[in-house]
Asks: 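Take a look at this one; I'll ask things after.
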Amino acid sequence: MRTIQRTPDGAIVRDVAAIGAAMVAVGASFGAVAVAAGVPAWAAVTMSVLVYAGGAQFMAVGLVAAGSPLAAVLAGLLLNARHLPFGLTLADSIGRPVWRRLLGSHLMTDEATAFALARPAGAARRRAFWLAGVLLFLAWNLGTVLGVLAGGVAGDPAALGLDAAFPAGLIALLMPTLRDRDTRRVALAGAVLAVLATPLLPAGLPVLLALAGPAVLALRNARRAAAAGRPAPDTGGPHDEAAEAVTTAGRPVRGKGESC
């Protein structure tokens, strides 16, 4: 008899729970910070449910408290523009019905995307995305409610090192994809470009510039495919190779934040 610990879905739930625990803590910090900044409790909870943007929510609360709501909206759009390529990559995995696409786009985070791309394309990737997306959404909102109730007790997540949990989880999830030489090159180029641009550009733009690396790789693969007279390969190729290795091991790589 197969137990949940032995099934692929059970392994995803276990690994998502590890990241979800950190997300609950950071969500609690957001709820506390929002209330301390003068945001009504109901507004903080509603923001987590309807916006669900993690780090962008922290920034928005600070800008709103400073009297710049328009800047908060523009900065949030800028910081979350990275979800455009995420959506293009996961379009088939989310599903065809309009309601699934709308809901999937709302639940799409860095972590849910990473969990999905660590699985082979098809049903396995679809299940991974929805499991991770729903569970992490619930974890963030549970944390927000706890933070609102606790007031200012949670404090700053950086003081406890919780802000490092999400990027560490993402790195662990995506490490297998770096076995591919081209992927390593574009990842390094994008990282260097982002680091060099950070002192010169507003927050969010360096991350968008880093996407130039994967864009160049996708364009080159498309040209190679056209020259060979065959369809362009799936841009998730390196991820699929990593997913096969992960699946062979019987569980995803253990490893999110900018969050949502």
Side-chain angles (χ1 to χ4, degrees), residues 16-17 19-84 86-87 90 94 99-115 129-160 162-167 169-170 202-205 207-208 256-260:
V16 170
I19 295 181
M23 184 175 280
V24 169
V26 179
S29 180
F30 165 74
V33 168
V35 171
V39 176
W42 66 266
V45 174
T46 301
M47 188 178 186
S48 283
V49 172
L50 299 182
V51 178
Y52 186 44
Q57 290 183 222
F58 280 97
M59 181 181 61
V61 165
L63 291 174
V64 169
S68 303
L70 179 59
V73 173
L74 294 178
L77 290 174
L78 179 63
L79 286 177
N80 289 285
R82 68 190 186 282
H83 287 266
L84 177 59
F86 290 173
L90 293 175
I94 291 176
W99 71 267
R100 289 177 68 95
R101 289 179 177 264
L102 291 175
L103 181 59
S105 64
H106 185 59
L107 298 178
M108 188 178 297
T109 61
D110 301 349
E111 305 73 42
T113 300
F115 272 103
F129 171 79
W130 286 105
L131 275 173
V134 171
L135 291 178
L136 292 177
F137 176 80
L138 293 176
W140 175 260
N141 283 278
L142 172 62
T144 300
V145 172
L146 292 176
V148 167
L149 295 177
V153 175
D156 183 0
L160 301 177
L162 293 173
D163 57 325
F166 296 159
L170 282 176
L205 282 181
V207 176
L208 297 181
K256 173 185 174 209
E258 173 143 0
S259 76
C260 315

Asks: How long is the gap from OG1 on T109 to OH on Y52, to the nearest 0.5 Å?
Replies: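 Atom-to-atom, T109:OG1 and Y52:OH are 4.5 Å apart.
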Asks: Out of curiosity, L146 CG to F30 CZ, how far, rounded to the nearest 0.5 Å?
Replies: 13.5 Å
Asks: Could you pull out the closest heavy-atom pair between H83 and M108, with the gap in Å?
Replies: CE1-O, 2.9 Å
Asks: What verdict does the side-chain contact (heavy atoms from CB on, under 4.5 Å) test give for L131 and V16, after you've listed the backbone C-alpha separation in whole Å, the side-chain angles of each residue and the deciding distance to 0.1 Å?
Replies: CA-CA 8 Å; L131 275 173; V16 170; 5.9 Å; no
Asks: I'd like to check the side chain to side chain contact (heavy atoms under 4.5 Å, CB included) partners of A37; sequence neighbours left out, ordered by chain and number.
Replies: V61, A65
Asks: Which pair of heavy atoms, one from A139 and one from G20, lies closest together, and at what distance?
Replies: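 In this case the closest contact between A139 and G20 is CB-O, 3.7 Å.
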Asks: Quick one: list whatever passes side chain to side chain contact (heavy atoms under 4.5 Å, CB included) with L107, sequence neighbours left out.
Replies: L103, W130, V134, F137
Asks: Does T144 have any side chain to side chain donor-acceptor pair (under 3.5 Å) partners at least two apart in sequence or in another chain, and if so, which?
Replies: S48
Asks: Would you give the length of the straight line joining atom OG1 of T46 to atom CH2 of W42, rounded to the nearest 0.5 angstrom?
Replies: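 One gets 6.0 Å once the value is rounded to the nearest 0.5 Å.
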Asks: Give the minimum heavy-atom separation between I94 and R101, together with the two atoms involved.
Replies: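 The pair with the smallest heavy-atom distance is CG2-CA, 3.8 Å.
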Asks: Minimum heavy-atom separation for A132 and F115, please, with both atom names.
Replies: CB-CB, 4.0 Å
Asks: Quick check: closest heavy atoms across A112 and L136, and the distance to 0.1 Å?
Replies: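 Heavy atoms of A112 and L136 come nearest at N-CD1, 4.2 Å.
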